[in-house]
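The sequence lines fix the lettering, A, B, ..., with proteins before strands; numbering per chain opens at 1. These numbers come from the heavy atoms of this one structure, side chains and all, not from hydrogens, waters or symmetry mates.
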Amino acid sequence: MPDLAAMNASPTWWVLGESAAGELSAVPLTRSGEAGPVVPLSPAALAEFVAEREAAESPRWVWSDTPHWYPRLLEAGVRIARCHDLRLCHAILALSERVADPVPLRTALEWDAGPTIPVAAARPEATLFDFGVPAAGPDSVPHSLTAALAEFARQRAAEATRRDLGLLLAAESAGALIAIEMATAGVPWDVAEHDRLLAAELGPRPAPGVKPQAMLTVGEEVRAALGDATANLDSPPKLIRALRTAGVDVASTSQWELMEHEHPVIAPLLRYKKLARLLTANGWAWLDEWVHEGRYRPVYVPGGVVTGRWASSGGGALQLPRQLRPAVRADPGWRLVSADVAQLEPRVLAAYAGDRALAAAARGADLYTGIVETGAVATREEAKFAMLGAMYGATTGEAGRLAPRLRRAYPAAMGMLDRAASTGEQGGKVATKLGRTSPPPSPEWAAEQSKASMPGATLADEARARRTARDLGRFTRNFIVQGTAAEWALAWLAGLRSRLWELPLVTDGPHAAASGRVFSRRAHLVFFLHDEVIVHAPAEQAEAVATAIRAAADDAGQLLFPGAPVDFPLDLRITERSDAK
DNA sequence: AAAGCTCGCGCC
DNA sequence: AAAAGGCGCGAGCTTT
């Protein structure tokens with residue numbers, strides 16, 4: 001049984017609170033909402049108390065903000081199974097509405113036996129906005145027991161007036177736990193290998209304030225080709241002027257524009273830009289700041305993107321260049337078990353829309369080849385461009401040209417995308433499969449639209465309104481796919497997390513050096529990026545971990561799309577060193 | 001000097 | 001290669 005469903009059926013809660021003076025307390029809540037006696041806790045007693053209750057009844061811990069509470073538990077060696085993160089759940093509930101499905105999406109589901117969405121106006125209720133700004137950051141929400149109890153009560157009441165959000169709230173909260181756990185464990189990082197990579201590209205580490213040798217050399221080549229010995233290559237405006245003086249007529253210094261020109265300066269300049277990027281984004285300064293004791297610890301921000309994707313704020317986990325992947329290296333006696341989902345988003349689209357033809361194309365390991373085999377388009381590349389274009393709202397170019405053929409071949413999937421776009425263009429909200437709702441358009445957007453429809457509107461007003469309407473349509477079109485894919489990934493992660501916890505503790509093998517008390521002797525998640533995970537595992541458990549990753553993917557598919565004939569094949573590797581693909 | 005902006009480019 | 005959705009981050013540059 002998928003773990004999230006079990007989590008959703010949790011019978012009891014413990015609500016944690018912290019006063020401004022740092023005094024801690026806990027209150028048990030029954031399923032009917034009855035509170036038990038308040039248990040005051042000293043800071044030293046918190047972890048032990050949590051561990052006891054966790055072992056006895058495996059409750060759901062209700063707290064203000066996972067980054068505020070969980071690190072101290074992990075530090076004390078206490079891992080919990082589930083929580084309810086009030087800040088994250090607040091953000092979901094505050095946007096959600098009980099409306100006829102914001103896009104009539106579920107009507108397209110042929111195989112979903114789930115409940116239909118009741119159509120009823122939302123009742124007036126205690127506002128969810130009392131809880132402060134639902135943004136990430138220290139103390140962006142109150143941590144007191146009083147505030148937590150009141151907010152939790154509001155959220156329970158709000159849940160009752162909205163579509164069924166239990167799974168989404170459980171998944172979002174599980175993600176919050178995982179983000180902290182991954183930060184605690186860290187990605188095993190081979191600093192020497194990273195340094196070798198840097199040295200091979202840039203030359204040895206220069207003194208502070210000095211450019212690496214390779215950049216100096218290539219920079220001179222660029223200046224020679226420009227015929228300008230003092231050209232500044234690091235300032236785009238100055239570089240544009242230098243290029244123009246040398247006869248290269250560019251409007252920007254972006255690489256795709258540069259590549260359109262034939263000139264001796266182009267090749268060395270592109271090379272220079274690559275080196276500069278490597279140095280500034282992932283050079284020695286990055287190593288010093290983000291890798292300590294052989295562990296890379298970026299800061300993940302679960303729910304940081306409106307679609308439900310995670311964001312990051314520090315360390316750049318979302319932009320880790322493929323070039324640097326070889327620096328990810330398992331500890332001695334350990335392995336990296338890496339997996340990513342092939343074409344997650346179109347598969348999610350097929351399942352969500354109940355598109356049997358697209359589901360059939362997705363049956364094999366490669367969805368794009370499947371599309372070609374059904375005869376919709378001629379080549380795999382065409383299939384990929386057409387599909388991505390359809391999900392992102394491309395109207396011109398190759399993707400726009402191929403769109404009608406996809407519409408004929410996959411009417412359910414394309415119809416759902418088109419309806420989501422149309423809803424957005426009219427200022428409406430759309431929703432993901434588990435019920436995450438798109439944000440309403442800004443007041444400025446609405447004002448712009450109404451202005452354009454008033455008498456006296458200029459052609460420019462109308463053109464601008466049409467453009468911003470289409471922009472919003474492209475956003476809502478993509479929202480339903482990106483957001484539902486994020487939900488699939490969360491379910492995958494959460495299921496994997498509990499499966500990993502069920503693996504036996506390693507007692508006699510080598511332990512993971514800097515992974516924290518909880519994870520040094522067991523397989524643990526260390527990296528997540530939209531549709532990809534890396535687990536750091538004792539070598540003898542690597543196969544079991546691979547099985548767990550596959551099983552969790554199957555569970556996630558069935559949890560989101562019960563009965564859907566859409567599979568989510570994984571590209572799975574067991575290695576000592578992560579490789580650039 | 002700090003804050004906020006755009007540009008360019010890395011990831012999915 | 002192309003063109004579209006979502007991001008973070010560093011650099012230069014401008015504003016406060």
Side-chain angles (χ1 to χ4, degrees), chain A residues 136 211 215 232-241 250-260 269-270 272-283 285-286 289-290 298-325 340-346 348-349 379 381-382 384-403 417 420-421 424 430 432 436 438-439 467 470-486 488-489 527-533 580-581:
Chain A
K211 283 207 169 90
M215 282 179 71
N232 181 343
L233 310 182
D234 302 315
S235 161
K238 289 174 181 167
L239 181 55
I240 287 178
R241 282 196 287 276
V250 288
S252 81
T253 64
S254 63
Q255 48 186 334
W256 53 87
E257 183 167 359
L258 288 171
M259 277 186 291
E260 287 168 4
L269 180 53
L270 290 174
Y272 181 87
K273 287 164 80 77
K274 283 274 176 232
L275 295 177
R277 168 75 193 184
L278 177 62
L279 176 70
T280 57
N282 298 101
W286 180 92
E289 185 173 1
W290 295 106
V299 180
Y300 291 102
V301 185
V305 181
V306 284
T307 58
R309 273 189 174 180
W310 288 16
S312 72
S313 83
L318 276 59
Q319 307 133 262
L320 198 64
R322 290 271 164 204
Q323 192 182 7
L324 253 57
R325 287 300 181 94
D340 63 69
V341 194
Q343 306 110 22
L344 175 59
E345 293 193 346
V348 159
L349 172 64
T379 67
E381 281 307 287
E382 277 190 341
K384 186 173 175 179
F385 266 97
M387 201 67 233
L388 292 175
M391 291 187 297
Y392 294 158
T395 52
T396 59
E398 189 76 5
R401 188 174 67 73
L402 293 166
L417 291 171
V430 297
T432 60
R436 193 186 305 264
S438 63
R467 183 170 50 74
R470 276 196 293 263
D471 288 346
L472 196 53
R474 277 196 303 277
F475 169 68
T476 50
R477 168 190 292 272
N478 187 249
F479 183 94
I480 58 169
V481 180
Q482 187 183 119
T484 305
W488 185 95
F527 190 73
F528 166 59
L529 180 54
H530 306 319
D531 60 359
E532 171 187 6
V533 296
K581 273 193 295 187

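Which of C/dA2, C/dG6, B/dC11 sits closest to the side chain of A/R309 comes down to C/dG6. When distances are taken from the side chain of A/D531 to each of B/dC12, C/dG5, C/dC7, the shortest belongs to B/dC12. Listed candidates were C/dG6, C/dA2, B/dC11. Nearest to the side chain of A/E381 is C/dA2. The A/L388 side chain lies nearest to C/dA4 when the options are B/dC11, C/dA4, C/dC13. Taking only side-chain atoms of A/S254, from C-beta outward, the nucleotide of B/dG8, C/dA4, C/dG5 with the closest atom is B/dG8. Nearest to the side-chain atoms of A/S252 among the listed nucleotides B/dG8, B/dG10, C/dC13 stands B/dG8. For A/Q255, counting side-chain heavy atoms from C-beta on, the closest listed nucleotide (C/dA4, B/dC12, B/dG10) is B/dG10. When each of B/dC9, B/dC12, C/dG8 is scored by its nearest atom to the side-chain atoms of A/K273, the top-ranked nucleotide is B/dC9. You'll find that the side chain of A/H530 is closest to C/dG6, out of C/dG6, C/dC9, C/dA2.
By the criterion of a centre-to-centre distance under 5.5 Å and near-parallel planes under 30°, the ring of A/Y392 forms a stack with the base of C/dG5.
Applying the 4.0 Å criterion to OP1 and OP2 of C/dC13, one finds that A/K238 has a side-chain N or O inside that range. A close approach under 4.0 Å does not occur between any side-chain nitrogen or oxygen of A/R474 and OP1 or OP2 of C/dA4.
Along DNA chain C, the nucleotide nearest A/S313 and the nucleotide nearest A/P236 are compared for position; the residue whose nucleotide lies closer to the 5' end is A/S313.
Nucleotide C/dG12 is matched to B/dC5 when pairs are restricted to Watson-Crick or G-U wobble geometry with both distances under 3.5 angstrom. Nucleotide B/dC11 forms a pair with C/dG6, judged by Watson-Crick or G-U wobble geometry with both contacts under 3.5 Å.
Salt bridge absent: A/K384 and A/E381 never bring a charged side-chain N and a carboxylate O closer than 4.0 Å.
Under the salt bridge (charged side-chain N to carboxylate O under 4.0 Å, His left out) criterion, A/K211 pairs with A/D234, not counting sequence neighbours.
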